There are 2 protein chains.
Amino acid sequence: MGQLLEKKACESRLGAIDDALYAIGGKWKLKIIIALKEGNKRFNELQRALNISARMLSRELKDLELNGFVERKVYTETPIVIEYELTEYSNSLSEILEALSSWGKKHRQKLIDERS
Amino acid sequence: MGQLLEKKACESRLGAIDDALYAIGGKWKLKIIIALKEGNKRFNELQRALNISARMLSRELKDLELNGFVERKVYTETPIVIEYELTEYSNSLSEILEALSSWGKKHRQKLIDERS
DNA sequence: CCGTATCCGACACGATACTG
DNA sequence: CAGTATCGTGTCGGATACGG
């Protein structure tokens, strides 16, 4: 009977989603990553691009660094410049990013259509 | 120059991700949907399957219904039974679900490997 | 420019108890 | 069983100010 198998599969997916949301859930993480896909950015550039407070940005960047998505680069030649750069590992998120943004686009269009 | 194009694309993706997170962000929405993929479920079944409080489940189900992902079905034959069922539209999330859970699985494995 | 510290309100989330 | 009401906690997240 497939019941049991289905249940196992479901539980496994639930756990996996948990892990994923724990790492990249929240309001900012994916958005920061998208912004950095455009190219390395400095702290203030990110802040302006995302309309995020310094406090949150600082926190989230640390978190992203700890989890291996982002690297903080310090160029010591004067003037000293600090940039944030995506790591190789962050590329593993591309499918998620693609799926989310393409769905978001369609969803927004649906909402617009319904209102008319 | 591709700079401008890239910037536009980035902003568009940021907006789309916003829309997506607004609709399906948070700790519970996707998990409820996954649980229902296994088959229709009653309130208490969902509660036990997800370890979610009645309060949150009630809220999230209303939200999911409003956004067209879930339908509340009432079977009036005694004994009266109330079930929650996924709508057709909820299938549009399958790519996201797939991407998230497969990434989550790999990510967890990575964490395990690193710890050894 | 790159952040950190502090204060504060809003809300996500949980536990418990309760109603029809 | 299907929810709602109440209460309490923690985190989210912004505003402002400040120091390296």
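Please read these numbers as outputs of a predicted model, since none were measured by experiment. Here is the naming used below: chain letters follow the sequence lines, and residue numbers restart at 1 for every chain. Only this structure's heavy atoms are used, side chains among them; waters, hydrogens and symmetry mates stay out.
- We find that CG of A:Leu57 is positioned 15 Å from P of D:dC12, with the value rounded to whole Å.
- Side-chain nitrogen and oxygen atoms of B:Arg55 include none within less than 4.0 Å of the OP1 or OP2 phosphate oxygen of D:dG3.
- Ion pairing between B:Lys7 and A:Glu38 fails under the 4.0 Å rule for side-chain N and carboxylate O.
- Put simply, CD on B:Glu60 is 9 Å from P on C:dA12, counting in whole angstrom units.
- Among D:dG14, D:dG3, C:dC1, the nucleotide with an atom closest to any side-chain atom of A:Asn44 is C:dC1.
- As rounded to whole Å, 14 Å separates atom C1' of D:dC12 from atom NZ of A:Lys31.
- Donor-acceptor pairing under 3.5 Å, judged by distance alone, is absent between the side chain of A:Arg42 and the base of C:dC1.
- Of the options B:Arg55, B:Lys29, B:Lys31, a salt bridge (charged side-chain N to carboxylate O under 4.0 Å, His left out) to B:Glu60 is made by B:Lys29 and by none of the others.
- At the phosphate of D:dT11, neither OP1 nor OP2 sits under 4.0 Å from any side-chain N or O atom of A:Arg59.
- Using a 4.0 Å cut-off between charged nitrogen and carboxylate oxygen, B:Lys73 and B:Glu85 count as a salt-bridge pair.
- When distances run from any side-chain atom of B:Phe43 to the nucleotides D:dA2, C:dG3, D:dC12, the shortest one goes to D:dA2.
- With a cut-off of 3.5 Å on both pairing distances, the Watson-Crick or G-U wobble partner of D:dA2 is C:dT19.
- Atom NZ of A:Lys73 is separated from atom P of C:dC1 by 22 Å (rounded to the nearest Å).
- Rounding to whole angstrom units, CD1 of residue A:Ile80 and P of D:dG20 are separated by 16 Å.
- Between B:Lys62 and D:dG3 there is no side-chain N or O to OP1 or OP2 distance below 4.0 Å.
- Neither OP1 nor OP2 of D:dG3 sits under 4.0 Å from any side-chain N or O of B:Ser58.
- With rounding to whole Å, A:Leu21 atom CG is found 15 Å from C:dA12 atom C1'.
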Inset, instruction - Check the pair A:Cys10, B:Ile34 against side chain to side chain contact (heavy atoms under 4.5 Å, CB included), reporting the backbone distance first and the verdict last. - result: CA-CA 7 Å; A:Cys10 169; B:Ile34 289 181; 4.1 Å; yes
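- Between the CE atom of B:Met56 and the C1' atom of D:dT9 there is a distance of 14 Å, given to the nearest Å.
- Taking the six-membered ring where the residue is Trp, B:His107 and A:Tyr89 present parallel rings, their angle staying beneath 30° rather than reaching 60°.
- The phosphate of D:dC1 (OP1 or OP2) has no side-chain N or O of B:Tyr75 nearer than 4.0 angstrom.
- Put simply, CZ on B:Arg48 is 14 Å from C1' on D:dG3, counting in whole angstrom units.
- At C:dG14, one or more side-chain N or O atoms of B:Trp28 fall inside 4.0 Å of OP1 or OP2 (strictly under the cut-off).
- The closest donor-acceptor contact from the side chain of B:Asn67 to the backbone of B:Asp63 lies under 3.5 Å.
- Contact annotation: A:Arg72 side-chain N/O to C:dG3 OP1/OP2 distance is under 4.0 Å.
- If you check D:dG3, C:dG3, C:dA12 against the side chain of A:Ile82, the one that comes closest is C:dG3.
- The side chain of B:Ser53 lies closest to C:dG14 when the candidates are D:dG14, D:dT4, C:dG14.
- When both pairing distances are held under 3.5 Å, C:dC2 makes no Watson-Crick or G-U pair with any nucleotide shown.
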